[in-house]
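What follows is a short report on a single structure.
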Amino acid sequence: QLQLVESGGDLVQPGGSLRLSCAASGFTLTYYAIGWFRQAPGKEREGVSCMLSSGGSITDSVKGRFTISRDNAKNTVYLQMNSLKPEDTAVYYCAATYRVQAACVPSEYTYWGQGTQVTVSS
């Protein structure tokens, strides 16, 4: 059974950092595009940063502050978030798709984790 499990969400002060993890089971991440998405209350889910199976990354909304990476040995994807702002507050989801050329938009991703809450507040 293909499963994605996120962790690492927390309450953090503005300017702080967090690293989210997404552990995959039932499939090998290497062959999938993987992405991080977020959804704030009352807003649509949006792409944050995605990585193609080839290793190329796409960072849409948070260039320069968030970085996606993948540890093939651990079958885990990470999202390093720096210089966090209150507007980064949201539930963060990881997702995967077998598409070779997937844009970093929710509609192109098939498998989803349950989400982890990130709150940026003083």
Side-chain angles (χ1 to χ4, degrees):
Q1 181 180 358
L2 192 150
Q3 191 173 16
L4 296 167
V5 179
E6 304 97 332
S7 62
D10 204 348
L11 169 64
V12 63
Q13 292 187 345
S17 297
L18 275 179
R19 188 178 79 159
L20 304 183
S21 300
C22 174
S25 60
F27 71 109
T28 302
L29 276 176
T30 307
Y31 303 113
Y32 287 72
I34 190 87
W36 284 97
F37 300 83
R38 67 184 180 186
Q39 188 165 20
K43 294 188 176 181
E44 293 187 353
R45 192 169 299 186
E46 64 173 351
V48 173
S49 189
C50 298
M51 177 176 283
L52 303 176
S53 56
S54 63
S57 62
I58 306 169
T59 300
D60 278 355
S61 59
V62 288
K63 291 181 180 179
R65 297 193 297 124
F66 292 8
T67 304
I68 189 172
S69 62
R70 184 174 69 198
D71 186 331
N72 294 333
K74 295 183 178 181
N75 213 29
T76 299
V77 175
Y78 303 97
L79 183 69
Q80 178 66 43
M81 305 187 293
N82 299 325
S83 302
L84 283 162
K85 304 175 181 180
E87 50 264 42
D88 294 319
T89 295
V91 177
Y92 282 72
Y93 300 88
C94 69
T97 178
Y98 202 59
R99 293 187 180 209
V100 175
Q101 293 292 338
C104 199
V105 294
S107 60
E108 297 207 357
Y109 284 75
T110 306
Y111 307 103
W112 291 83
Q114 82 289 350
T116 185
Q117 176 70 48
V118 172
T119 302
V120 184
S121 175
S122 55

Nearest-0.5 Å distance that lies between atom CG in Asp71 and atom CG in Leu29: 10.0 Å
Set of ring pair (Phe, Tyr, Trp, His ring centres under 6.0 Å) partners for Tyr32, sequence neighbours left out: Phe27, Tyr98
Among the clusters formed by ILVMFWY side chains lying less than 4.5 Å apart, do Leu18 and Trp36 turn up in the same one? yes
Could I get the full list of side-chain contact (heavy atoms from CB on, under 4.5 Å) partners for Val120, not counting sequence neighbours? Val12, Pro14, Leu84, Pro86, Asp88, Thr89, Val118
For Asn75, the side-chain hydrogen bond (donor to acceptor under 3.5 Å, both in side chains) test, sequence neighbours excluded, returns none
Residue set satisfying side-chain contact (heavy atoms from CB on, under 4.5 Å) with Glu108, at least two apart, ordered chain then number -> Arg99, Ala102, Ala103, Val105
So how far is it from Cys104 SG to Leu52 CG, rounded to the nearest 0.5 Å? 9.0 Å
Tell me if a side-chain donor or acceptor on Glu6 pairs with a main-chain N or O of Gln114 at a distance below 3.5 Å. yes
Those residues at least two apart in sequence (or on a different chain) that pass ring pair (Phe, Tyr, Trp, His ring centres under 6.0 Å) with Tyr92 are none
Under a 4.5 Å side-chain heavy-atom rule over Ile, Leu, Val, Met, Phe, Trp and Tyr, are Val77 and Met81 clustered together? yes
Name the residue from Trp112, Tyr93, Phe66 that meets the ring-ring contact (aromatic ring centres under 6.0 Å, His included) definition with Phe37. Trp112
Ser83: partners by side-chain hydrogen bond (donor to acceptor under 3.5 Å, both in side chains), with sequence neighbours left out: none
To the nearest 0.5 Å, how far apart are CG in Leu2 and OG1 in Thr110? 9.5 Å
If every non-hydrogen atom of Ser17 is compared with every non-hydrogen atom of Gln80, which pair is closest and at what distance? CB-NE2, 4.0 Å
